[in-house]
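What follows is one structure encoded as structure tokens, with my remarks underneath.
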Amino acid sequence: MIVKDSEKTSDISKGLVLLMATVCGFTVANVYLNQTLLVSMSATFHISAASIGIIATLAQIGYALGNLLLVPLGDIFERKKLILFLLFAICIVLALNALSINKTWMMVTSLALGIVTVVPQIIVPLAANIASDHNRGKVLGNVAIGLVCGILGARLVSGFIDVHFGWRMVYWTSAVATLFMIFLVCVYFPRSKGGNATSYKHLLMSLGPLFIKERALQKACVSQGMMFASFSAFWTTLVFLLHTHPYSYRSDMVGVIGLVGIAGAFATPIIGRLIDIKGEKFASLLCMSISLLAFIGLIRGGYWLPGLILGALLITVGTQANQVACQFTIFQLGEEKRSRLNGLYMVSTFLGGSLGSYVGLLAWTKWQWNGVCAIAILMIAISCCSLIPMNILRKMIGNLMNKKGSNM
């Protein structure tokens, strides 16, 4: 079956949406496997926990690069073949991760794994193209369930395997799971064809002008980039919090808390329906408010396990639901450029994620948990500014600068 990008159908099956969500979840998990393994890796390579944190940062930087260099190919190549090629590449890089002998090797393979693990961002525009206008938010919300389950499930599974079999077995297990995903994609995924007959060079050259032209894309990039930065700061430093007083838990406890976060994934279809009814701006504001309240509560509640679990749930709901709202916004800008739009959007998202991981670790090193929460609150505040119309924002900045000048 070939599904052309120009076609809009309302009969996308629940089975296909479920499969898309499943493949998204299993593949995106590879970017997050290392976050639960950092303590074990630091012991293996005989380096500090703060030093090994660069591996988590590089995986997300790689993911951002993959979105910039590989995801736009969905606008010119048949997506099913592109997905299969990347899945095979993922298997190879996972094996190289498992065979790492030092920190440098692990840094290189983590960066490479992030680059090739962009399959979900090729699947999401495909789902948006198949869905009709009146149910696109719902479909994107359902596919996002897989993304959230993959992101948080990675911590559960990797933590359990790490404790019982060692961190290297985590990567071997993921490689086997990816082989199974290859079989499912081969058998059940529809074929599709991009609508642009252009060269790769011109495709990449079009990204800059596209970003400059589309204000809605710029706002979505800032919004989710900062939201995801706060999300990454939380989950990257959580493993260190749980290893200290008053918890003193092992790596697998991060995965248990991640299970609670997975429950929050099922809020994304609700946000999708809310988008279809109330609009994406209302949904984004609601999502930001949820995450902001969660981090404010975690300043004190983070040292109390029920409070930490509730915070993890709310942060997951706010961040992932906001992603659906932002993607809904940018997908209204044109079918023929959805892969490029999504690629640029996800570049900013995961650059924000890598920034959050890095700054979160710095905040943990200097100020512990309260510093992490304060940095996250600042990031969400910046995200909220993306909802303010540009003319009002310029006026506010101008008034602030004038007031500062008059006080000097």
Quiz item: Taking all atoms of both residues into account, what is the closest heavy-atom pair of L70 and L82, and its distance?
Solution: O-CD2, 4.3 Å
Quiz prompt | Distance in Å, Q327 CD paired with T349 OG1, rounded so as to fall on 0.5 Å steps | solution = 7.5 Å
Practice problem: Go through the side-chain N and O atoms of W167 and T44 and say whether any donor and acceptor fall under 3.5 Å apart. | Solution: yes
Practice problem: Would you name the heavy atoms of M227 and G318 that are closest together and state the gap between them? | Solution: CE-O, 3.6 Å
Quiz item: Of L16, T22, V23, L18, which meets side chain to side chain contact (heavy atoms under 4.5 Å, CB included) against M20?
Solution: L16
Quiz item: Less than 6.0 Å separating the ring centroids of F160 and H164?
Solution: yes
Self-check item: Exceeds 12 heavy-atom contacts within 6.0 angstrom, atom CZ of F26
Solution: no
Practice problem: Could you tell me whether Y247 atom OH has more than 12 heavy atoms of other residues or ligands within 6.0 Å of it? | Solution: yes
Quiz item: Only one of L19, V124, V324 forms a side chain to side chain contact (heavy atoms under 4.5 Å, CB included) with V143, so which one is it?
Solution: V124
Quiz prompt | Presence of salt bridge, K219 and E214, under 4.0 angstrom | solution = no
Pair up each side-chain donor or acceptor in residues 288-315 with any protein partner under 3.5 Å, not counting sequence neighbours, and list the distances.
from	atom 1	to	atom 2	distance (Å)
S289	OG	L285	O	2.9

Practice problem: Flag the pair F234 / F231 as yes when their ring centroid distance falls below 6.0 Å, and as no otherwise. | Solution: no
Quiz item: Does one side chain, of N342 or Q121, offer a donor that lies under 3.5 Å from an acceptor on the other?
Solution: yes
